S.K.: 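There's a structure below that I have some questions on.
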Number of protein chains: 2
Amino acid sequence: MMLPTQAKQTLESALAEHGLRSTRQRECVFAVVAASMDHPTADAIYSRVRESLPGISLATVYNTLETLVSCGLVRQVNFEREPSRYCPLSEPGKHHAHFHCTRSGKVFDVHLPESFMKDLEALLPPMFRIDKVDLCISGQNRGENPSGHVEPD
Amino acid sequence: MMLPTQAKQTLESALAEHGLRSTRQRECVFAVVAASMDHPTADAIYSRVRESLPGISLATVYNTLETLVSCGLVRQVNFEREPSRYCPLSEPGKHHAHFHCTRSGKVFDVHLPESFMKDLEALLPPMFRIDKVDLCISGQNRGENPSGHVEPD
DNA sequence: ACTGATAATTGGAATTATTCCAATTTCAAG
DNA sequence: CTTGAAATTGGAATAATTCCAATTATCAGT
Ligand SMILES: [Mn+2]
Ligand SMILES: [Mn+2]
Ligand SMILES: [Zn+2]
Ligand SMILES: [Zn+2]
């Protein structure tokens, strides 16, 4: 798992902004998440990272994921009481929801247009300052391969 | 904790529809959730139910909450990895989101109009059948007491 | 390069919400 | 009543995550 130079820059500057160091472990965990389109759990990320860094500990994977989330590089996604999943956050301005197929267990990103986010904001009293929006839809994906802004099944 | 006659009817018919019996424990847990506007955890519900049924077990509270959720009478609400919370579901057609104030820890219901749900449906490919929508907003409630369709702080 | 201070990582133990299980109790029908 | 199924119970088990003290890596200043 190798990290493109540009992504490396992104990681290092985001970490630096928070007064944090770039390490082999952080680079590798970030590379794995950035390359993962399937919203893996911490355990799955641990498995994938160990192919490059066999000595990394699960604690470090958890620590690093928390760090990357707090730096705004990674998103933590929770469905019901299942283990947390993680996905890369490329553009900080863009929002996306998650569709969880209860049949296949797969997770799909669903792009949320700015207008939808505005509508949502309008539903809340103005004294509520929104920090984070988590929209999880669950159901069944029966039908052929979807196209557009939704990941293939 | 006493259950109004009408609510008792609601409970009994919902349970009967699923081939389940109405019991003292189920009545009491349902009564507590129905009367709770603060989205209590299973533990908090356990405490409140024990005032009426001191001998009830925590396992039964968990079992009953799962039963009530599967009967569509109660909603299970999850924020991040915090313990699950529960709220009553009076009208089956109405949807509501949750605002979680990270300062006070309080939870507010936010009514979602049908138009918003339609907009959401339109964002998904038609082959995705929606079973459930969980919308959780977190942020800070700074300002005076909100009014309207939002619970008081 | 060397050193000291600080940050990060590590393995394993601890935490804790929830689930599981076998035994007992309750219930409703015949 | 009797009886079989359903529900409840206490306590053990589970499992994702967090915690912790010890080790290791990194950086800044010499
Ligand atoms: Mn080691
Ligand atoms: Mn007892
Ligand atoms: Zn995603
Ligand atoms: Zn609610």
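Order of the sequence lines fixes the chain letters, A, B, ..., with proteins taken first and strands second; residue numbering starts at 1 for each chain. These figures come from a predicted structure and were not determined experimentally.
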S.K.: Counting side-chain heavy atoms from C-beta on, which of D/dT26, D/dT9, C/dT9 comes nearest to B/Ile56?
M.R.: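 The listed nucleotide nearest to B/Ile56's side chain is D/dT9.
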S.K.: As a test of understanding, state which of B/Ser84, B/Cys136, B/Ser138 forms a side chain to side chain contact (heavy atoms under 4.5 Å, CB included) with B/Phe79.
M.R.: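 So, applying the side chain to side chain contact (heavy atoms under 4.5 Å, CB included) to B/Phe79 and each of B/Ser84, B/Cys136, B/Ser138, only B/Cys136 qualifies.
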S.K.: Quickly work out the B/Arg81 CZ to D/dA15 C1' distance and round it to whole Å.
M.R.: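 In whole Å, D/dA15 C1' lies 10 Å from B/Arg81 CZ.
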S.K.: If you find the nucleotide of DNA chain D closest to B/Ala59 and the one closest to A/Asn63, which residue's nucleotide is nearer the 5' end?
M.R.: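 The residue mapped nearer the 5' terminus is B/Ala59.
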S.K.: Can you tell me the distance, in whole Å, between the CG atom of A/Leu20 and the P atom of C/dT6?
M.R.: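 These atoms are roughly 16 Å apart.
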S.K.: Expressed as a whole number of angstroms, how long is the span from A/Leu58:CG to D/dA15:C1'?
M.R.: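 Checked: the CG to C1' distance equals 12 Å.
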S.K.: Tell me: OH of A/Tyr46 to C1' of C/dG11, nearest whole Å?
M.R.: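 Value for this atom pair: 10 Å.
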S.K.: Work out which heavy atom in B/Asn141 is nearest to a heavy atom in B/Cys101; give both atom names and the distance.
M.R.: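 Smallest interatomic distance, heavy atoms only, reads N-SG, 3.5 Å.
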S.K.: Considering only D/dA7, D/dT9, D/dA25, which nucleotide approaches the side chain of B/Arg21 most closely?
M.R.: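 Side chain of B/Arg21 sits closest to D/dA7.
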S.K.: C/dT26 P sits how many Å from B/Leu53 CG, rounded?
M.R.: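 Between P of C/dT26 and CG of B/Leu53: 13 Å.
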S.K.: Can a donor-acceptor pair be found between the side chains of B/His98 and B/Asp134 at a distance below 3.5 Å?
M.R.: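 Their side chains do not contain a donor-acceptor pair, so the 3.5 Å distance test is not met.
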S.K.: Test side-chain contact (heavy atoms from CB on, under 4.5 Å) on A/Ile45 and A/Ser36; report intermediate values, then the result.
M.R.: CA-CA 9 Å; A/Ile45 293 164; A/Ser36 296; 5.8 Å; no
S.K.: Applying a 4.0 Å non-hydrogen cut-off, can you work out what B/Thr41 is touching in the nucleic acid: base, sugar-phosphate, or nothing?
M.R.: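 Since no nucleic acid heavy atom lies under 4.0 Å of B/Thr41, the category is nothing.
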S.K.: Looking only at side-chain N and O atoms, does B/Arg24 come under 4.0 Å of OP1 or OP2 in C/dT26?
M.R.: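 No.
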S.K.: Considering only C/dG11, C/dC27, C/dT18, which nucleotide approaches the side chain of A/Ser57 most closely?
M.R.: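 For the A/Ser57 side chain, the nearest candidate turns out to be C/dG11.
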S.K.: Could you tell me the separation between the CZ atom of A/Arg50 and the P atom of C/dT10, rounded to a whole number of Å?
M.R.: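 For the pair A/Arg50 CZ and C/dT10 P, the rounded distance is 12 Å.
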S.K.: What's the CG-C1' distance between A/Leu15 and C/dA8, to the nearest Å?
M.R.: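 A/Leu15 atom CG is separated from C/dA8 atom C1' by 12 Å.
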S.K.: Taking OP1 and OP2 of D/dT8, is either one under 4.0 Å from a side-chain nitrogen or oxygen of B/Thr60?
M.R.: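 B/Thr60 to D/dT8 OP1/OP2: no side-chain N or O under 4.0 Å.
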S.K.: Phosphate oxygens OP1/OP2 of C/dT18: is one of them under 4.0 Å from a side-chain N or O of B/Tyr62?
M.R.: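 For C/dT18, OP1 or OP2 has a side-chain N or O of B/Tyr62 closer than 4.0 Å.
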S.K.: Looking at A/Thr23, I'd like to know whether one of its side-chain N or O atoms comes within less than 4.0 Å of OP1 or OP2 on C/dT9.
M.R.: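 For C/dT9, OP1 or OP2 has a side-chain N or O of A/Thr23 closer than 4.0 Å.
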S.K.: Below the 4.0 Å mark, does D/dA25 have OP1 or OP2 next to a side-chain nitrogen or oxygen of A/Gln25?
M.R.: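 A/Gln25 to D/dA25 OP1/OP2: no side-chain N or O under 4.0 Å.
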S.K.: Testing the basics here: between A/His18 and A/Ala14, what is the closest heavy-atom pair and its distance to 0.1 Å?
M.R.: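 Closest pair (atom of A/His18, atom of A/Ala14, distance): CD2-O, 3.1 Å.
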S.K.: Using whole Å, what does the distance between atom P of nucleotide C/dT15 and atom CG of B/Asp43 come to?
M.R.: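 About 17 Å, once rounded to whole Å.
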